[in-house]
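Structure first, then comments.
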Amino acid sequence: MRIAVGGIHTECSTYSPVLMQPEDFFVLRGNDLTTSGYFSFLPRTGVKLCPLLHARAVPGGPLAQATYESFKAEFIDRLKATLPVDGVYLAMHGAMNVEGMDDAEGDWIAAVRDVVGPDLPIAASYDLHGNVSQKIVDQLDIFAGYRTAPHIDVRETMVRAYSMLVDCLTSGERPGVAWVPVPVLLPGEKTSTEDPPAAGLYEALPGYDNADGILDANLMVGYVWADEPRATACAVVTGTDKMAAAQAAEAIAKSYWEARADFRFGPVAGSLAEMMALVESSQTQPVILADSGDNPTGGGVGDRADVLGELLRRGFEGALLAGITDAPSVQKCFKAEIGATLRLVIGGALDPSSRPVEVTARLLTLDDQPGSLQDERQAVLEIGGNTVVLAARRRPYHNIADFTRLGLDPHSARLVVVKSGYLSPELAPIATPNLMALTDGVVNQDIERLPNRRRQGPSYPFDKGFAFTPTARFSARWKD
């Protein structure tokens, strides 16, 4: 069996003013996908993988149209050159937005369908924060979504989608997709699968998988910071029995709807001032404070200096802040000597609405280790008794290695500040405690006040007091 593999994977806040360009993506082409890259772990027995292209980026703003069209054209050209194939597996995210386009994944997958024709099976894996549409469902035979947030089952989900495709080709039995849009749109920070009620809802999904006629059951939270018509939660079920798939999708949708008012932030959350008051009174360390409104892994710009400004106003010392995206300041640091004192204006390098902070800083470290390209450089500064990491490129600091690479130890800090929502699996265990500041930014948590011009309504929590009856919809490809 010849299976073509590839895709495009990112998450885009439509509230961000920073358009994604080609240089924002990590791109694998050809054999790099299957030797040491994104698809290297997929089972190969009886299968020849035909690698195309996979483009992946840290979440951010919408893709510039030219960026998207260039990637899509290359992908389609590679697919055409690879034909004939027996099936296609796409590793997607689901919350990509392209300037001037409402349903980028629908456009991408439809372009693949146009090439391979109506009879070839296509499978896709999605992030549970992806937004689904009828156009997407109509192109697919197989769908699988992550079941954990934080996402620790990415590989498992990819194998689920891919294995269903292999089974389909081996048995000749063609599955179909049923789905139910749910008029609820909540932030990922309130729907972590480590906290109730999401924990229980996701723990129930494997039970649906075991029912006759059901192959894979999914609950999609959706992506709230995309002001587009397809933004919504939904249940998506892959099955071989249309009625069973419909019943499962409706039951999953009903369970999410009924729990809609029960979702809460997992960590202690509040304004920046409230969280800093708790930090100052804490007798334990490290306290980890999430700067949630500027979280790059949720689509944040990453250049806000609000927390740094608050630390300096309070005269707080002993914090490790990682990091702030500020390429101009990093460039100035690289022109200085280690130990030099610099006057810098930090923050607001990308988003004009960000408020910069003027500081006097002492240069501690420059990250110019092998492998550090100019746009990946980092500088470590001492500012007012605190350690601050600046990055030339938008990026998160969610793994211990992000700190140790710079000679920093988050375990020994009084306070660690990261641009995050819920904490990553590596940082969460060391937090004593974990606090989340409801800060400003393009992924801020005050979602009911987000400009809401293009989403379909009614939708909770933007609207309340309306009724909902789960009703299954089907892929146009479903064969009874």
Side-chain angles (χ1 to χ4, degrees), residues 13 15 149-150 185-199 221 224-225 259-324 347 351 353-355 357 386 388 396-398 410 413-424 427-450 460-462 464:
S13 168
Y15 304 104
L185 202 51
L186 297 170
E189 286 71 17
K190 282 190 174 180
T191 52
S192 169
T193 60
E194 296 183 347
D195 303 313
V221 170
V224 70
W225 294 288
R260 67 192 182 281
D262 299 331
F263 290 91
R264 301 286 186 274
F265 293 122
V268 175
S271 70
L272 178 56
E274 291 170 332
M275 295 302 98
M276 281 305 305
L278 293 177
V279 170
E280 290 175 326
S281 65
S282 176
Q283 300 299 309
T284 57
Q285 68 176 52
V287 178
I288 298 187
L289 177 66
D291 178 5
S292 63
D294 201 29
N295 171 21
T297 59
V301 177
D303 73 339
R304 298 190 69 95
D306 306 53
V307 179
L308 174 60
E310 183 72 10
L311 293 174
L312 298 178
R313 281 191 292 274
R314 290 173 175 265
F316 188 91
E317 296 184 357
L320 169 54
L321 196 160
I324 300 173
D351 184 353
S353 70
S354 297
R355 296 183 296 274
V357 177
N386 303 291
V388 180
Y397 291 81
H398 290 181
R414 178 183 174 190
L415 167 67
V416 178
V417 180
V418 289
K419 292 182 181 295
S420 181
Y422 48 68
L423 294 185
S424 68
L427 292 183
I430 72 170
T432 57
N434 168 17
L435 305 176
M436 186 168 72
L438 305 180
T439 48
D440 291 332
V442 302
V443 290
N444 74 80
Q445 300 294 321
D446 192 5
I447 62 170
E448 292 183 52
R449 294 190 180 183
L450 290 176
Y460 181 89
F462 305 102
K464 298 181 177 72

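The model shown is predicted, which means the values in this text are computed figures rather than measured ones.
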Contacts table for residues 436-443: side-chain donor-acceptor under 3.5 angstrom, sequence neighbours left out:
unit_1	atom_1	unit_2	atom_2	d
Thr439	OG1	Asp291	OD1	2.6
Thr439	OG1	Ser292	N	3.3
Thr439	OG1	Gly293	N	2.9

[X] versus [Y], closest heavy-atom pair with distance:
| X | Y | value |
| --- | --- | --- |
| Asp294 | Arg304 | OD2-N, 2.9 Å |
| Gly299 | Ser13 | O-CB, 4.0 Å |
| Ala198 | Ser192 | CB-O, 3.3 Å |
| Pro461 | Ile447 | CG-CD1, 3.8 Å |
| Asn295 | Gly421 | ND2-N, 3.5 Å |
| Val416 | Ala413 | CG2-CB, 3.8 Å |

Is the side chain of [X] donor-acceptor paired with the backbone N or O of [Y] at a distance under 3.5 Å, no angle test?
| X | Y | result |
| --- | --- | --- |
| Arg314 | Ala273 | yes |
| Ser354 | Gly347 | no |
| Thr432 | Thr284 | no |
| Trp225 | Asn444 | yes |
| Asp303 | Asp351 | yes |

Worksheet entry | ring pair (Phe, Tyr, Trp, His ring centres under 6.0 Å) contacts touching residues 282-319 (sequence neighbours left out) |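 Applying ring pair (Phe, Tyr, Trp, His ring centres under 6.0 Å) to every pair that reaches into residues 282-319, excluding sequence neighbours, yields nothing.
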Worksheet entry | Test side chain to side chain contact (heavy atoms under 4.5 Å, CB included) applied to Leu321 and Asn386, Val418, Leu289, Val417, the passing residue |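 The option that passes is Val417.
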Donor-acceptor list for residues 260-269 side chains, cut-off 3.5 Å, not counting sequence neighbours:
unit_1	atom_1	unit_2	atom_2	d
Arg260	NH1	Trp257	O	2.8
Arg264	NH1	Ala261	O	2.8

Any non-hydrogen side-chain atom of [X] less than 4.5 Å from a side-chain atom of [Y]?
| X | Y | value |
| --- | --- | --- |
| Tyr422 | Leu427 | no |
| Tyr15 | Leu450 | yes |
| Ser271 | Met276 | no |
| Asp306 | Arg355 | yes |
| Pro433 | Val287 | yes |
| Pro396 | Lys419 | no |
| Ile288 | Leu423 | yes |

Practice prompt. For side chain to side chain contact (heavy atoms under 4.5 Å, CB included), just list the numbers for Leu312 and Val357, CA-CA rounded to whole Å, side-chain angles, deciding distance to a tenth of an Å, and then say yes or no.
Written response: CA-CA 10 Å; Leu312 298 178; Val357 177; 4.1 Å; yes
Worksheet item: How many angstroms lie between CD in Gln285 and CD1 in Ile430, if you round to the nearest 0.5 Å?
Response: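 Gln285 CD to Ile430 CD1: 11.0 Å, rounded to 0.5 Å.
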Worksheet entry | Nearest-0.5 Å distance, OH of residue Tyr460 to CG of residue Leu185 |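 Tyr460 OH to Leu185 CG: 12.0 Å, rounded to 0.5 Å.
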Worksheet item: Thinking salt bridges, do Glu448 and Lys464 make one under a 4.0 Å N-O criterion?
Response: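 Salt bridge: yes.
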Item to complete: Go through the steps to decide whether Arg414 and Ser282 satisfy the test side chain to side chain contact (heavy atoms under 4.5 Å, CB included), and finish with yes or no.
Response: CA-CA 9 Å; Arg414 178 183 174 190; Ser282 176; over 6 Å; no
